[in-house]
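Here's the structure we're looking at; comments come further down.
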Amino acid sequence: MSKLYVRTLREVPAEAETPSHRLLLRAGFIRKTAAGIYTYLPLARRVLAKIERVVREEMDAAGGQEVLLPLLQPAEIWRASGRWDVYGEEMFRLRDRHDREFCLGPTHEEIITTLVGNEVRSYRELPLLLYQIQNKYRDEIRPRFGVMRSREFIMKDLYSFDRDEEGLERSYQAMFRAYSRIFARLGLAFRAVEADSGAIGGEVSHEFMVLAGTGEATIVHCRACAYAANAEKAEAAPAVPEAPSNVRPEEVHTPGLRSVPEVAAFLGVPPTRLIKTLVYITARGPVAVLLRGTDNLNEVKLGHVLDGAWFRPATEEEAAAMGIPLGFAGPAGLQGIRIIADPAVMAMGEAITGANRPDYHLRGVVPGRDFRPDEIRTVRLAQSGDPCPRCGAPLAEQRGVEVGHIFKLGTKYSQALNATFQDENGLQRPFVMGCYGIGITRTMAAAIEQNYDEEGIKWPLPIAPYEVIVIPVNVNDAGQWEKAHALYLSLREAGVETVLDDRDERPGVKFKDADLIGFPLRLTVGPRSLAEGRVEVKDRATGEVFAWPLTEAVRLCRHYLETMRAKLQERAGL
RNA sequence: CGGGGUGUGGCGCAGCUUGGUAGCGCGCUUGCCUUGGGCGCAAGAGGUCCCGGGUUCAAAUCCCGGCACCCCGACCA
């Protein structure tokens, strides 16, 4: 320990907010070099190496072959795919001495597709699965949470090349299984969820989420069946339509009441009886979005409805210019604006809306009778309690950290880059591709978000930087020191990754550091247990404390670690 | 990029309003003491007060310009 390059911090650096960021800094795993750029110290390096090792084993087992690709990439291949202009500010760009343009690779579809397109001629060579584990660079608008959202990060990416959709499906399924094995082997609780494929393209996509209360992603999942999705993607079974009411619309005076809860309380009705009208400015003109009072807008889905055109909420002034008083907006009588209604709104038999007149709402509004939207599209965010789209049981929400994402890309890149092979009929066809990423550095952070307490990190055994720390309570006591040192040497000899805390520090300091760094097992050699010829054992994850006879310690320690591993394997169903 | 905030020994901060000597806690070094949960005592080392310009006899402090970093938002693995 005295030789290990680790400096723990007693006080929390002011810049750290999230648990993983704070603990990685405090426990001496990382140091910041610039915003979103970190130096990884020896402890972190060991964790990353362990994660990478499991990833390599599973990628190889699934038929992947590792390559190293350039981080510095010429602009021309990005121009060829059309992404040089599309990628925008997020790409680090630079020029060489001849003024040629380059970028630091934010991802590697272009490089790999160009490579394979130049090399692979025949369907007989397919499928081909190539992967890399390397740094990637993205000039994030706002790096944050330490290593969770940094500008330089380590990522594993595998690209699959198949001859057709069936081949892609096989590759995709193989990767899905490999990913499930990886996160299980790392000792992490995770969930695979259906995801929106976003900017990278393609139709089908799954994210692998490490479950953690501090995670930034919301997962919606079914308690009864296997359905789980990113909240952005999640669906709910359609609302049951109510019989339309035959009451007539009537204005009510609602002075200064602009929000759904206020109006509902004032009128003495549940907020589900209200329709809220959101006004957006978009690249295609103004849009009014109608949602049930208790629903929230899913901006990703609205984006799809708008075919990816940009949009933002209208300001009070902009809405007023269209004759819409924000807070009192309603669909009835709206002119000159595209109206998009969520199906849940259309299922309402009678509702309360804004009256498009300051300080007035309208009750007795019947959707379909008193207003007709231009489009009925699902734009609400699925939420806890909604019926599952598969089985109807109530949905629940969880938080998670996205650590893996798998996509079916299809022929998007192979067509753009003219990467083709010859099929058995002699025809040139574009490769059908998939891409499968794992954030290695982010996985380290996610593991902490899932496993920590007040005192520090509780590393899952498979990725802990070391497995065991041996602490002599007093290194100046010859008996303790000799026993501890001997124990340390025999553990190492037995293949246990062990650290000896040989520092002449007070026991409290050593215990605190051991808890902070998160060694899964702590063996204490001190006067209490030594008197009985025992060593004291503390399991960091469970907090259990017990003792082993010193003479049996090595054997029992190995056995204990083996049992921990076996439990993980069992839980993983491996 | 919009809004808010911060830059003072390694870390956490005070001092700035009202200009004049740079201070506290932790850490670090040395000695004594102590050894089962970040002991105790004593003596030390360590600072371009983010950078540049201006005002002034005098600037950490006031003014102007820049840079860096953090938080909230839009964006994302």
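Just so we're on the same page: letters track the sequence lines, and every chain starts at 1. Quick caveat: nothing in here was measured; it's all calculated off a predicted structure.
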Gap in Å between the two [atom1] atoms, one belonging to [N] and one to [M], rounded:
N	M	atom1	answer
B/U61	B/A22	P	15 Å
B/C63	B/U18	P	10 Å
B/A58	B/C50	C1'	22 Å
B/C75	B/C28	C1'	43 Å
B/G38	B/C49	C1'	30 Å
B/U8	B/G47	C1'	8 Å
B/G52	B/C67	C1'	10 Å
B/C39	B/U29	P	14 Å

Checklist entry - Is A/Arg312 atom CZ crowded by more than 12 heavy atoms from other residues, nucleotides or ligands, each under 6.0 Å away? => result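 Correct, the count exceeds 12.
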
What is the distance, rounded to the nearest whole Å, between atom [atom1] of [X] and atom [atom2] of [N]?
X	N	atom1	atom2	result
A/Phe519	B/G37	CZ	P	19 Å
A/Asp453	B/G37	CG	P	18 Å
A/Arg528	B/U35	CZ	C1'	12 Å
A/Asp477	B/G36	CG	C1'	13 Å
A/Asp504	B/U29	CG	P	12 Å
A/Phe145	B/C70	CZ	P	12 Å
A/Leu23	B/C11	CG	C1'	16 Å
A/Glu207	B/A77	CD	P	8 Å

Checklist entry - Is there a stack between A/Phe153 and B/A77, judged by ring centres under 5.5 Å and planes under 30°? => result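 Whether judged by distance or by angle, A/Phe153 passes, so it stacks on the base of B/A77.
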
Considering only [options], which nucleotide approaches the side chain of [X] most closely?
X	options	result
A/Arg506	B/A77, B/U34, B/C69	B/U34
A/Lys538	B/G37, B/G36, B/A77	B/G37
A/Arg144	B/U34, B/G36, B/C75	B/C75
A/Pro527	B/A77, B/G36, B/C75	B/G36
A/Ile141	B/A77, B/G38, B/A74	B/A74
A/Arg10	B/U35, B/G27, B/G37	B/G27
A/Ala35	B/C39, B/C69, B/A77	B/C69

Quick test of your reading of the model: are [X] and [Y] salt-bridged, counting only N-O distances below 4.0 Å?
X	Y	result
A/Glu109	A/Arg83	yes
A/Asp453	A/Arg540	yes
A/Glu58	A/Arg185	yes

Could you check whether [X] gets within reach of a base, just the sugar-phosphate, or nothing at all, counting any heavy atom under 4.0 Å?
X	value
A/Thr441	nothing
A/Asp513	base
A/Glu536	base
A/Leu9	nothing
A/Thr443	nothing
A/Val401	nothing
A/Glu140	base
A/Gly526	base
A/Arg26	base
A/Lys32	sugar-phosphate

Next on the checklist: I'd like to know if A/Asn474 reaches the base of B/G36 with its side chain, counting only an N/O donor and acceptor under 3.5 Å.
Outcome noted: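 For A/Asn474, whose side chain was compared with the base of B/G36, there is no donor-acceptor pair (under 3.5 Å).
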
Checklist entry - Has the side chain of A/Asn476 got a donor or acceptor atom sitting under 3.5 Å from an opposite partner on the base of B/U35? => result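 Between B/U35 and A/Asn476, which were checked side chain against base, a qualifying N/O pair under 3.5 Å is present.
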
Assigned partner base of [N], Watson-Crick or wobble definition, under 3.5 Å:
N	result
B/G73	B/C1
B/G19	none
B/A42	B/U30
B/U56	none
B/C67	B/G7

Checklist entry - Nearest nucleotide by nearest heavy atom, which residue falls closer to the 5' end of RNA chain B, A/Glu152 or A/Arg522? => result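 Going by which nucleotide is closer to the 5' end, it is A/Arg522.
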
Checklist entry - Start at the 5' end of RNA chain B and walk down; is the nucleotide closest to A/Glu11 or to A/Glu216 reached first? => result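 Its nearest nucleotide being more 5', the pick is A/Glu11.
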
Checklist entry - Which atom names give the shortest non-hydrogen contact between A/Glu449 and A/Pro19, and what distance separates them? => result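 Looks like OE1-CD, 3.4 Å.
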
Next on the checklist: To check you understand the geometry: which heavy-atom pair defines the closest contact between A/Leu43 and A/Gly28, and what is its length?
Outcome noted: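 Scanning both residues, the minimum pair turns out to be CD1-O, 4.2 Å.
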
Checklist entry - Taking atom CG of A/Leu500 and atom CZ of A/Arg503, what is their separation to the nearest 0.5 Å? => result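 Here the rounded value is 10.5 Å.
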
Checklist entry - Is the closest side-chain donor-acceptor distance between A/Asp502 and A/Tyr488 under 3.5 Å? => result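 No pair is found: no donor N or O on one side chain lies under 3.5 Å from an acceptor on the other.
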
Next on the checklist: Check for me whether the distance between the ring centres of A/Phe176 and A/Phe208 falls short of 6.0 Å.
Outcome noted: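 So the answer is yes for these two rings.
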
Checklist entry - Taking only side-chain nitrogens and oxygens of A/Arg312, does any of them come within less than 4.0 Å of OP1 or OP2 of B/G2? => result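 No.
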
